[in-house]
Structures are given as structure tokens and as C-alpha cells.
Trainee: 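First the structure, which I've put down as C-alpha cells, then a few questions once you've had a look.
All chains are named by letter (A, B, ...) in the order of the sequence lines, taking the proteins before the strands, and each is independently numbered beginning at 1. Any value given below was found using the heavy atoms of this structure, including those in side chains, with hydrogens, waters and symmetry copies removed.
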Amino acid sequence: DVWTYNTLVKGLCDEGKIDEAIRVRDEMESLKLIPDVVTYNTLIDGCFKWRGSTEGFRLLEEMKSRGGVEPNAVTHNIMVKWFGKEGKINEASDAVVKMVESGVSPDCFTYNTMINGFCKAGKLGEAFRMMDEMARKGLKPDICTLNTMLHTLCMEKKPEEAYELTVKARKRGYILDEVTYGTLIMGYFKGKQEDKALKLWEEMKKRGIVPSVVSYNPLIRGLCLSGKTDQAVDKLNELLEKGLVPDEVSCNIIIHGYCWEGMVDKAFQFHNKMVGNSFKPDIFTRNILLRGLCRVDMLEKAFKLFNSWISKQNSVDVVTYNTMISYLCKEGRLDEAFDLMTDMEVKKFEPDQYTYNAIVRALTHAGRTEEAEKFMSKLSETGQAVKTHDTSQELDASSDIMYSQQISDLCTQGKYKEAMKLFQESEQKGVSLNKYTYIKLMDGFLKRRKSISKVDHAN
DNA sequence: TTAGGGTTAG
């Protein structure tokens with residue numbers, strides 16, 4: 001029946017076999033089994049993932065015209081997700097507006113997707129506005145919302161604050177999961193607090209959470225970051241002993257660890273061993289190994305590998321090109337770097353800030369300042385120029401402190417509504433609040449959630 | 001049966 005076929009479609013989409021998945025849809029039609037909204041949602045999501053947005057939109061249209069199926073909340077959430085992933089946060093917001101217009105209410109999924117998008121785009125303020133809206137609509141922030149915010153804090157190297165938040169969250173009834181701990185572990189390693197990370201690993205197990213690759217990978221990555229790749233391998237073996245299967249990410253982490261320590265031979269040895277163990281090297285693996293070779297000055301060997309990949313479909317990307325270009329630049333082999341840049345453009349890979357940065361630095365170093373300036377302007381055209389301060393943000397620092405202080409105070413007094421109002425005002429003025437203020441606001445949201453739960457129970 | 005949080009490269 002339709003469910004059986006939908007399951008098949010999902011399986012094919014997961015493996016990236018979109019053409020086959022579409023053929024299954026056609027087969028359904030010929031058997032007079034009408035593809036439903038689930039069939040199309042699965043196909044649309046798969047298309048966005050493997051074929052990009054153009055194909056995704058085409059299928060969305062096809063769903064309405066050919067299938068006569070109307071988009072539901074899941075369809076809209078898929079759109080919001082992919083806009084967010086592409087960093088098109090405005091389009092994502094528009095998608096939510098469209099969703100409302102077509103009579104579908106944004107749900108917890110929608111909000112979490114948007115919040116994640118804003119966090120990834122570095123727009124923490126917008127993320128908080130979303131959380132506020134969510135609360136106003138009576139939707140409770142859940143463990144995914146919390147994990148998203150934790151991730152953002154950890155990326156900002158504030159693992160302590162993230163941890164404090166989880167302590168409070170647990171007191172308020174949140175059940176922390178493996179993702180929570182994996183995120184915190186990553187955060188502590190990032191903050192060079194290995195001991196705390198390891199303590200959390202134990203705490204997680206003590207609380208009855210059985211680790212899988214989801215939490216093993218951050219631990220393994222952390223050990224590699226601390227220059228303890230051999231210990232990381234021990235953890236990988238521990239994972240194997242438990243009957244768990246390391247994924248591509250786990251293997252790439254270890255390979256990167258060895259390369260980082262300059263042990264390229266060991267990296268290749270491990271790579272070869274794991275390939276025999278059903279590990280499928282991907283674009284990450286190739287880029288890691290390539291950079292590893294370049295770092296120890298084995299540029300010619302790197303070139304040999306690079307040339308062997310370049311003719312194959314999907315074997316290289318802009319990172320691969322940039323790796324070669326930047327090491328050529330370091331060696332002062334500018335002409336070859338330019339050749340590669342031309343080649344990448346022919347192959348439809350857009351040079352980005354890394355490409356231009358490498359070229360500009362090499363040109364400056366060679367005293368070719370005029371050419372360097374020409375590329376500088378190209379760099380700014382990419383819209384991802386080297387970090388310069390936005391002058392509009394350069395307000396008097398005292399107003400930052402003032403707003404932060406006042407918002408924190410209001411939170412302490414439990415006046416979250418007023419705190420939010422002031423927060424919105426600060427956003428409009430472009431004031432940057434300190435991290436502590438964000439913590440206080442988050443804490444406020446958790447408290448609000450608790451009071452909502454209480455009402456639920458009372459009802 | 002479909003959608004959200006985490007882990008990998010420059």
C-alpha cells in the first residue's frame with residue numbers, strides 16, 4: 001500500500017537515489033496508489049538535500065499540479081529548514097509567513113528550525129525573538145530548542161554558562177539527552193578544559209545515558225584537539241568493542257588528528273585500515289589528507305592525489321582547490337595558483353574569501369600591491385570579506401553595559417516581559433549585550449515554560 | 001511512513 005511505498009521512497013532518498021525514488025512514485029501512480037503528502041514531502045526533502053533548491057522547488061510545484069496534494073506543516077518546515085541551511089534567513093522567514101497565509105500554524109518544529117537558522121547565522125537576537133514568540137503562542141521550548149542554544153553558547157566558548165543552563169533546565173524537568181552532553185563536551189574541549197569534558201562524559205554515563213557515536217564523536221574530536229590522537233583511537237576501539245559502528249565522521253576526526261600532529265603516515269595507515277573496514281572516504285577525508293600532506297611540505301604528493309581526483313565527479317570542491325592554492329601561494333608559486341583559480345572557475349566552483357585571502361597575501365608579500373588591491377575588491381564583492389567592524393555598530397560602549405545591566409536586573413526581578421521589551425529596543429539600536437544577559441533571558445524562558453507546564457497540570 | 005537539536009575539512 002501507500003505506506004509500504006513511502007517507506008521505500010524514504011530509503012532511496014536517504015541514499016541519494018532520487019531518480020529511483022521518483023520512479024517509485026511513478027510506479028505507485030501506475031498501480032493506482034495515489035502518492036500522498038508524505039510521499040511528496042519525503043521526495044522534496046531528498047531533492048533539496050541531494051539536488052539543491054531548484055529541483056526541490058520543482059517537486060513542490062509538481063506536488064500541487066500533478067499530484068493535487070496541498071502542502072502541510074511538514075512541507076513548510078522542510079522549506080524553512082533548507083533556507084536556513086543555505087543561510088538564507090530572510091527567505092526562511094518568508095516561508096514562515098507563507099505558511100501562516102496558507103492557514104498552517106508554525107509549530108515547535110518550525111520555531112526550532114528558525115532558531116537554529118538564526119543561531120547559525122550569528123543572529124542571536126533574532127533567535128531570542130523567536131523564542132519569545134514561541135512562548136507567547138503557548139509552545140514550549142523543548143530539548144531541541146535548549147540544545148540549539150547550548151550549541152551557540154559553546155561555539156562562543158562559554159561552556160560554563162551552557163552548563164549552568166543545563167543544571168537549571170534539569171531542575172525544571174528537562175530530560176537532558178546525548179546531544180546535550182555531546183554539545184557540552186565539545187564546548188569544554190573548545191575552551192581547553194579537558195578535565196571538565198571528561199567529567200561530563202562520566203556524569204552522562206552515571207545518569208544512565210548509554211553513549212553512541214553521537215556523543216563519542218565530540219569526545220574523540222576533543223582528544224584529538226588536545227593532541228592526544230592515540231587516546232582518541234583508544235576511544236574509537238572502545239566504541240567498536242561495544243558493538244557500535246564508527247561512522248565517516250569518527251574516522252575523519254582521527255585522520256584529521258594524525259594530520260594535525262604532523263603524522264601523515266599514521267593518518268594514511270589508519271585510513272587504509274578503515275577502508276578495509278567498510279569506511280567510505282568522502283570529500284572531508286580527501287580535503288583532510290590533502291592539507292595534511294601540504295602541511296608537511298609533501299606538495300608534489302598532494303598534487304598527484306589532487307590530479308587523480310580532479311577528473312572524477314564530486315571528488316573535489318572549493319575547499320580542495322583552496323587547499324592547493326593557499327599552499328602554492330605560501331611557496332610563492334603564484335602563477336600555478338592563478339592557473340588553478342582559472343581552472344576552478346571553469347569547473348563552476350566559485351572562489352570565496354579563502355581563495356582571495358590566499359592570493360592577496362601572496363601578492364602583497366611579492367610586493368605586487370596594485371594587483372593585491374584588485375583582488376581585495378573582489379573579496380569584498382563576495383560579501384564575505386574579512387571581518388571589518390560595521391561602523392553602525394560602533395556605539396558608545398557604555399550603552400552596551402547599561403542595557404545589559406538593566407535587562408539582567410529585570411530578569412532577576414522576574415520581570416521578563418519588561419526585559420524582553422528592553423531587549424528588543426537594544427536590538428533596534430544595535431547595542432551588543434554581554435553573554436551573561438543572554439543567559440538570564442534564557443533562564444527566563446525556562447521559568448516561563450515551567451509556569452506553562454503548571455497551567456497544563458491544573459487543567 | 002515525512003520535518004527540528006549534535007559530531008568531520010580550508
Trainee: Which nucleotide wins on minimum distance to the side chain of A/Ile288, given the candidates B/dA9, B/dG6, B/dT1?
Mentor: B/dA9
Trainee: If you apply the rule side-chain hydrogen bond (donor to acceptor under 3.5 Å, both in side chains), what do you find for A/Asn147 with A/Thr180, and how did you get there?
Mentor: CA-CA 6 Å; A/Asn147 287 343; A/Thr180 319; 2.9 Å; yes
Trainee: Side chain of A/Phe109 only, please: which of B/dT1, B/dA3, B/dT2 is the nearest?
Mentor: B/dA3
Trainee: Within the structure shown, what part of the strands sits under 4.0 Å from A/Ile143 by heavy-atom distance: base, sugar-phosphate, or nothing?
Mentor: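 Here A/Ile143 touches the bases of the nucleic acid.
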Trainee: Should A/Asn116 be listed as having a side-chain N or O under 4.0 Å from OP1 or OP2 of B/dG5?
Mentor: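 True: A/Asn116 side-chain N/O within range (under 4.0 Å) of B/dG5 OP1/OP2.
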Trainee: Is there a side-chain polar atom (N or O) of A/His256 under 4.0 Å from OP1 or OP2 of B/dT8?
Mentor: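 No, A/His256 has no side-chain N/O under 4.0 Å of OP1/OP2 on B/dT8.
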Trainee: For the pair A/Phe57 and A/Phe83, name the ring-plane relationship: parallel under 30°, tilted 30 to 60°, perpendicular over 60°.
Mentor: tilted
Trainee: Can you identify which nucleotide, out of B/dT8, B/dT2, B/dG5, has its nearest atom closest to the A/Asp282 side chain?
Mentor: B/dT8
Trainee: Taking the side chain of A/Asn252 as its heavy atoms from C-beta onward, which of B/dG6, B/dT8, B/dA3 lies nearest to it?
Mentor: B/dT8
Trainee: Is the cationic atom of A/Lys205 (NZ for Lys, CZ for Arg) positioned less than 6.0 Å from the six-membered ring centroid of A/Tyr216 and within 45 degrees of its normal?
Mentor: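 Cation-pi check for A/Lys205 and A/Tyr216: fails.
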Trainee: Roughly how many Å is it from CZ in A/Phe189 to P in B/dT8, rounded to a whole number?
Mentor: 13 Å
Trainee: In this structure, how many angstroms lie between the C1' atom of B/dT1 and the OH atom of A/Tyr40, rounded?
Mentor: 16 Å
Trainee: Nearest 0.5 Å, please: how far is OG1 in A/Thr183 from CG in A/Leu150?
Mentor: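 These two atoms lie 6.5 Å from each other.
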Trainee: Establish, with yes or no, whether the OP1 or OP2 oxygen of B/dT8 is under 4.0 angstrom from a side-chain nitrogen or oxygen of A/Arg221.
Mentor: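 For A/Arg221, the contact criterion (side-chain N or O under 4.0 Å from OP1 or OP2 of B/dT8) is met.
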Trainee: Using 30° and 60° as the class limits, which term best fits the ring planes of A/Phe375 and A/Tyr356: parallel, tilted or perpendicular?
Mentor: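 Tilted, since the angle between the ring planes falls between 30° and 60°.
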Trainee: Within this structure, what is the CE-to-P distance between A/Met186 and B/dG5, rounded to whole angstrom?
Mentor: 14 Å
Trainee: Please report, rounded to the nearest Å, how far the P atom of B/dG6 is from the CH2 atom of A/Trp201.
Mentor: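 That distance rounds to 18 Å.
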Trainee: May I ask you to say what A/Thr113 touches in the nucleic acid, namely base, sugar-phosphate or nothing, with a heavy-atom cut-off under 4.0 Å?
Mentor: sugar-phosphate
Trainee: Which one, B/dG6, B/dG5, B/dA9, comes nearest to the side chain of A/Phe284?
Mentor: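 Given the options B/dG6, B/dG5, B/dA9, the side chain of A/Phe284 is closest to B/dA9.
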Trainee: Between A/Trp260 and A/Arg291, is there a cation-pi geometry (under 6.0 Å to ring centre, at most 45° from the normal)?
Mentor: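 A/Arg291 over A/Trp260 ring: no.
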Trainee: Using the side-chain heavy atoms of A/Val214, tell me which of these nucleotides is nearest: B/dG6, B/dA3, B/dG5.
Mentor: B/dG6
Trainee: What is the separation between atom CH2 on A/Trp260 and atom P on B/dT8, rounded to the nearest whole Å?
Mentor: 14 Å
Trainee: At under 4.0 Å between heavy atoms, what does A/Met114 touch on the DNA or RNA strands: base, sugar-phosphate, or nothing?
Mentor: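 If one applies the 4.0 Å heavy-atom cut-off, A/Met114 turns out to touch nothing in the nucleic acid.
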Trainee: So which nucleotide from B/dG6, B/dA9, B/dT2 ends up closest to the side chain of A/Asn41?
Mentor: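 Of the options given, the side chain of A/Asn41 lies nearest B/dT2.
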Trainee: A/Asp36 near the nucleic acid: base, sugar-phosphate alone, or nothing, with a heavy-atom cut-off under 4.0 Å?
Mentor: nothing
Trainee: So which nucleotide from B/dG6, B/dT7, B/dA3 ends up closest to the side chain of A/Ile253?
Mentor: B/dT7
Trainee: Quick check for you: among B/dT7, B/dA3, B/dG5, whose closest atom lies nearest to any side-chain atom of A/Asn77?
Mentor: B/dA3
Trainee: Grab the CD-P distance between A/Glu178 and B/dT7 for me, whole Å please.
Mentor: 13 Å
Trainee: Taking only side-chain N and O atoms of A/Lys49, does any of them lie within less than 4.0 angstrom of OP1 or OP2 on B/dA3?
Mentor: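 For B/dA3, OP1/OP2 do not have a side-chain N/O of A/Lys49 under 4.0 Å.
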Trainee: Do any side-chain nitrogens or oxygens of A/Lys120 fall under 4.0 Å of OP1 or OP2 in B/dG6?
Mentor: yes
Trainee: Please state how far atom CG in A/Leu219 lies from atom P in B/dT8, giving the value in whole angstrom units.
Mentor: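 Going from A/Leu219 (CG) to B/dT8 (P), I get 13 Å.
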Trainee: Is A/Lys330 positioned over the aromatic face of A/Tyr327, cation under 6.0 angstrom from the ring centre and no more than 45 degrees off axis?
Mentor: yes
Trainee: Nearest to the side chain of A/Asp107, heavy atoms from C-beta on, is which of B/dA3, B/dT2, B/dT1?
Mentor: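 Looking only at side-chain atoms, A/Asp107 lies closest to B/dA3.
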Trainee: Whole-Å distance between B/dT2 C1' and A/Met79 CE?
Mentor: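 Rounded to whole Å, this separation is 14 Å.
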